[in-house]
Amino acid sequence: MVVGESEAVVAPGYGFGFVLDSTMMIITQALFFAFGWLFFMRKLFKYYEIHNVVIQLLFSVTITLSCTMFELIIFEIIGFLDSNSRYFHWHINLYLMLVVLIVIIPIYFAQQVVNAVRVVQRWKMGRFLPLAIWMLFVYFFWKIGDPFPILSTKHGIFSIEQLISRVGVIGVTLMAVLSGFGAVNAPYTYMTYFLRNVSENDIQGQEKRLHQTTDMIISKKKRIALAEKQSLAFEGESAAKQSGMRKVWNMFSGANPNSSENIGALQKEVGALEELAKQLYVEFVDMLLQKERVAYSKTFKGKYFDVLGHFFSIYCIYKIIICTVNIVFDRVGKVDPVTRGISITVNWIGLQVDVEFWSQHVSFILVGVIVVASIRGLLITFTKFFYAISSSKSSNVIVLCFAEIMGMYFVSSVLLMRMNMPEDYRVIITEVLGKELDFSFYHRWFDVIFLVSALSSIGVLYLVHEHTKDRKMSS
Amino acid sequence: APVHLMADSLKKAKIVVLGDSGVGKSSFVHLICHRQVLTNPSWTVGCNVEVKVHEYGKALSTSQSYFLEFWDMGGSPAYKKGRSIFYSNTNGIILVYDRTNRKSHDHLPKWMSEFHCSQQGGASTSKTSKQGLGFFSDSRGSLAYDPESFADQGVPVMIVGTKGDCARSASLSSNITGAIEINLDCNSLSQLTFDSQQTTELNKFFDKVIEKRYFPSYHMVSGHL
């Protein structure tokens, strides 16, 4: 066609195919955006009303950009879409992601925090406070890069590599902490070896204790209420009769000349009892939970998770050993699992396989699984955290924090995923994120933080476990 | 007479205060019982009980003092399992919602159903057993809460909308008939003056609770509200 030819002459590589590819990308991005929007509305803000749509928008945009990155990696592996289009979209996506993570979300976050603090609202200069806070953020963000041997300053200050390197450090730290904790927590939660047996008697005993404490609190409060009422009546009646000093003395000592009650002492006792009641209640709920878990473990699903838990514990120990080995021997694996698996198949087992074919398909499956698992895992963890710590006032600020963390997390997972892909497919990540980036550093950093996180989680869980066991023995 | 003897001789009524986490139940209860604004509200763990002395029958010549126990339940979903042990022997229910948060209002029927489930021994979740309590199967086949059949049976209910002083608060009407509804701002005592509408409604509710418990014949004669 004549038109097509002239287009090809004018802009080589950016022809009609490019438009088609871009349309494809935009459609998928719209889908991701809708997913983020609905997730926000249905899951995160299940208990709150959405007053601020901008935050929902920012959250959905972050999810969209993250999912697009993963999508482009998968397209790279299976060779979908034109190579030029892929590069183009990679670059655009990355720029947008960096702008959102470093400029938009921090400024909006600062503005929300400033608006919430009442003192600042009346201050005229308060309008510039968000900007000042953002400058502080950028300064610290920059400083993070200093202690790490990430990059030489050959390329000047404002290059993409500088920014990505810092985002990468933060994100990799987060990933390693979460992985370390998750690797230890999964076997602990799934395996029945760690379950404490709670008998019906224990539960009923605890319930009785709770009721007794509550009854004691009520009877003391009744006495306080009556005493206060009487003292009010007394003050009204004989206010004139008492001297000023006597009134002041009565007020401070809590003593009431008309009754034999000492309100102050009663209130102290009530305070102590209320603390006790809270603790009893928390233990009671914990016992009910344990009972449920024990019942669940006897079901088929429970047994399946128990077995899974055993595998996870083996995987966790293996990971810890490998990390230690990596650090001690300063080893960075050069060969990705896919190629290594195929070479094992070919060399040791002796099967003749079409290396290229299998390499592509296995990478695709592996990367796909990792992507889906990490997105799902992160969103579930977020939701749990959100329900636990948010209130109707702080919900907006917390969600913005999550969006920022999520963006950094996903950028870093792209960075680390490079390790899991064969040489051919690593090219695009290296190209886009920056050729000068020292990727092996990030893997080393991940290993270190993973080790620290996993070992501390083991320590913490051990202490908690022992503490609850002691408490149960003594009660 | 010495106070501790009196404390045992006064009769009491138990009112349970329910609502989503963070709507202001603790502030509300503190305001009613101590006539003071709660300055540092923190999350309620388990159940906070406050006591108030109420004069029943103020308008009549013989007024008698009763204890009203307000059992303020922690509303977070994590503690749902343990709550049901506190619901026994309840004489009145106060449902609290946040006027700036529509979802806390939409969740009120769920709180009613949690309360009723516990009254039924907690284990039965089948539709037929719930139908006796005022639930019916609506056109979609799911359980819906029928407010009118509830109003005949049970415990007096009051609905309180808090945080009216904040921006973006809206007045929401609920469909739990037979319930007295008020809006109360728990940050100041201004709405609880002697002759305000809120005070009148609250006293009416407290009287109704005590009546239902100690003088059920009055209640039947005067019909349901």
Side-chain angles (χ1 to χ4, degrees), chain A residues 45-52 203-204 206-208 210-211 213-215 217-232 256 258-261 263 266 270 273-275 277-289 291-292 384 387-395, chain B residues 1-10 12 14 20-24 33-35 41 43-55 65 67-71 74-86 88 98-107 163 166-170:
Chain A
F45 267 51
K46 201 159 89 165
Y47 294 109
Y48 305 116
E49 203 177 320
I50 300 177
H51 287 297
N52 196 337
I203 295 183
Q204 279 174 359
Q206 188 80 359
E207 191 176 329
K208 216 164 70 166
L210 199 49
H211 279 307
T213 316
T214 315
D215 288 336
I217 294 178
I218 295 180
S219 73
K220 289 205 200 289
K221 284 202 170 169
K222 283 180 183 168
R223 285 158 64 183
I224 296 179
L226 271 182
E228 280 178 344
K229 191 163 178 225
Q230 283 184 339
S231 76
L232 273 178
N256 189 338
N258 195 37
S259 81
S260 51
E261 297 285 12
I263 297 186
L266 273 179
V270 164
L273 280 175
E274 282 184 330
E275 280 304 316
K278 277 190 207 169
Q279 215 168 339
L280 286 174
Y281 184 76
V282 169
E283 283 172 22
F284 179 68
V285 170
D286 190 52
M287 278 188 199
L288 287 177
L289 214 68
K291 187 174 115 171
E292 246 183 45
K384 262 195 240 166
Y387 286 165
I389 65 178
S390 74
S391 71
S392 52
K393 287 203 193 102
S394 62
S395 54
Chain B
V3 176
H4 60 268
L5 276 184
M6 274 186 71
D8 290 333
S9 64
L10 279 191
K12 64 166 190 172
K14 172 173 164 179
D20 277 357
S21 180
V23 296
C33 294
H34 300 285
R35 297 196 70 82
W43 281 25
T44 315
V45 174
C47 181
N48 249 354
V49 188
E50 297 285 349
V51 172
K52 176 181 157 74
V53 179
H54 177 68
E55 297 293 332
S65 295
F67 276 128
L68 286 178
E69 297 169 8
F70 292 92
W71 292 55
S76 55
Y79 293 135
K80 182 170 174 159
K81 289 188 209 346
R83 281 200 285 259
S84 49
I85 61 170
F86 293 125
S88 51
D98 179 350
R99 286 173 68 192
T100 62
N101 183 354
R102 171 166 223 102
K103 296 204 175 134
S104 68
H105 179 82
D106 295 339
H107 287 166
K163 305 198 191 169
C166 297
R168 290 188 285 223
S169 67

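Convention: sequence-line order gives letters A, B, ...; per-chain numbering from 1.
- Every side chain to side chain donor-acceptor pair (under 3.5 Å) that A/Lys229 has, sequence neighbours left out, goes to B/Glu55.
- Not a single salt bridge (Lys or Arg N to Asp or Glu O under 4.0 Å) links A/Lys46 to another residue, sequence neighbours left out.
- Using a 4.5 Å cut-off between heavy atoms, B/Lys12 touches chain A through its side chain atoms alone.
- At a 4.5 Å heavy-atom cutoff, A/Leu280 makes no contact with chain B through either its backbone or its side chain.
- Of the listed residues (B/His34, B/Glu50, B/Lys52), the one with the most heavy-atom contacts under 4.5 Å to chain A is B/Glu50.
- Residue contact with chain A, scored on non-hydrogen atoms closer than 4.5 Å, is absent for B/Asp106.
- With contacts defined as side-chain heavy-atom distances shorter than 4.5 Å, the pair A/Lys221/B/Val49 does not qualify.
- When heavy atoms are compared at a cutoff of 4.5 Å, B/Ser65 approaches chain A solely by way of its side chain, counted from C-beta outward.
- A pairwise comparison of heavy atoms in B/Phe67 and B/Val51 identifies CD2-CG1, 3.5 Å as the closest pair.
- Both the backbone and the side chain of A/Tyr48 come within contact range of chain B, each with at least one heavy atom under 4.5 Å from a heavy atom of that chain.
- Contact count versus chain A (heavy atoms, under 4.5 Å) is highest, among B/Ile85, B/Val53, B/Asp20, B/Val45, for B/Ile85.
- The environment of B/Lys103 atom NZ is dense: over 12 non-hydrogen atoms of other residues, nucleotides or ligands sit within 6.0 angstrom.
- Using cut-offs of 30° and 60° for the angle between ring planes, the A/His211 and B/Phe86 rings count as perpendicular.
- Heavy atoms of A/Val270 lying under 4.5 Å from chain B are absent altogether.
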